[in-house]
Number of protein chains: 2
Amino acid sequence: MTGSTGDTRSRIQAVALELFTEQGYEKTSLREIAERLGVTKAALYYHFKSKDDIVDSFVSDRVERLDRLIEWAAEQPVDAVGRRTTLRRYCEEFFGDDGRNVMQFFEQNRTVVKHHPAGQMLRDRMLRIAELLSRADPSPAGQLRATLALFSVHGSLFALRGEISSTERQELALEIANELLDRIGEDPTGNDEPEPGTDSTPAAAAG
Amino acid sequence: MTGSTGDTRSRIQAVALELFTEQGYEKTSLREIAERLGVTKAALYYHFKSKDDIVDSFVSDRVERLDRLIEWAAEQPVDAVGRRTTLRRYCEEFFGDDGRNVMQFFEQNRTVVKHHPAGQMLRDRMLRIAELLSRADPSPAGQLRATLALFSVHGSLFALRGEISSTERQELALEIANELLDRIGEDPTGNDEPEPGTDSTPAAAAG
DNA sequence: GTCTATACTTAGATAGAC
DNA sequence: GTCTATCTAAGTATAGAC
């Protein structure tokens, strides 16, 4: 019943990801990961060539998925509807299966991500998505709104006290993100150029 | 010219804080900190009893300042004006002198903060401020808006590409944070109870 | 207040048996 | 595919001279 597994590799990934997120990458030793799985350190080295390589294995997968999302998002219309659609897909990607776990690792290990090649790619993709979301207003205001919209999804995981179901959480994150997205390229003060061809927000249009 | 210093202690704090933020707490060794200052590891132990203690020294100071802010914020009116006032002070605290540095350390070392006693206090104070900001609407929506308002300040440091002055950055962060704060306890859809006695937002008041 | 020297522990990683 | 045994490097921390 030792089980020839074959999925030992993914069990290592799962345990490592969990511990890296909970305790931090540096604080988690290979010994600890091995013990949790009931194997020895040496066994880990059969499946991964280094500690870093474990990170690579699940981050790279995430980067690929985001690349597909980016490619798709670039084709969406540059208006409030397009932004909402893009963020909705991002949200689905985020809350899906291991998506959430990897992104939480991302949040909890910023300095690792910053210096790790695969981490830099992930970080880069995040910035790229924010960039696409603020195409209608690439000014600092647009950039910050887009970033906060993304962070609405991320933050919904730890900002909310009290019981709340996953779908409620998801809907709430989208609702507030949409408020931010709707303001991109809109300009309620009436100074700069308004975004052409966008009126998904009924309020504040009197001249 | 060796300088009897006397401020060696604060030089250690400054260098440590910078390296912890840039490379991460765990990745930064005491050897590295000592080398930067041109002293030996042992010298550090004269001023601090451990590596953790260095973190304590600058985080505790931050916690005290936030405690005063919290005490003050609790006295502010529970309306949009009170929230704006509170966040403005938070912003000033954040962008002031070492405030920004410590809070960046906080962002970059989440797992350290999570398991470090002083870090937990800092984290706790952040949550408390969000709680105060969402008093008018303690629902998940209010909580998330308040958290995003705070994050508008934090995020303004890394979300913005291109050159931008510190004051511009600060003003922008406040502007967008205020948009979020104004929606707390407001309810534009007209479902739940609206916040009593608040009309700092001129738009959308037709009944 | 800072140094040299060192004790103690643990980390990541490899070699080779089974 | 997993084990035992071991290497090498680096870490935090302490003792005691100056």
> Looking only at side chains, do A/Glu131 and A/Gln143 share a donor and an acceptor under 3.5 Å apart?
Replying inline: no

>> OP1 or OP2 of D/dT2 versus the side-chain N and O atoms of A/Tyr46: is any pair under 4.0 Å?
In response: no

> Think A/Thr8 has a side-chain N or O under 4.0 angstrom from the OP1 or OP2 of D/dT2?
Replying inline: yes

Apply ring-ring contact (aromatic ring centres under 6.0 Å, His included) to [X] and list each qualifying residue two or more places apart in sequence or on a separate chain.
X	answer
B/Phe48	none
B/Phe106	none
A/His154	A/Tyr90, A/Phe94

Using atom [atom1] of [X] as one end and atom [atom2] of [N] as the other, report the distance to the nearest whole Å.
X	N	atom1	atom2	value
A/Ile54	C/dG12	CD1	C1'	11 Å
B/Phe48	C/dT2	CZ	C1'	15 Å
A/Leu37	D/dG1	CG	P	15 Å

>> Test of understanding: with side chain to side chain donor-acceptor pair (under 3.5 Å), list the residues that count as partners of A/Ser139, not counting sequence neighbours.
In response: A/Asp137

>> One character per nucleotide, please: for nucleotides 4-18 of chain D, 5' to 3', B when the base has a protein heavy atom closer than 4.0 Å, S when only the sugar-phosphate does, - otherwise.
In response: B------SBBBB---

> Between residues 17-24 of chain A and DNA chain D, which residues have a heavy-atom gap below 4.0 Å?
Replying inline: none

>> Show every side-chain hydrogen bond (donor to acceptor under 3.5 Å, both in side chains) that has at least one partner inside residues 65-74 of chain A, sequence neighbours left out.
In response: A/Arg65-A/Glu93, A/Asp67-A/Arg125

>> Under the rule for side-chain contact (heavy atoms from CB on, under 4.5 Å), what residues qualify as partners of A/Glu171, not counting sequence neighbours?
In response: none

> With sequence neighbours excluded, what pairs up with A/Glu22 under the salt bridge (Lys or Arg N to Asp or Glu O under 4.0 Å) test?
Replying inline: B/Lys114

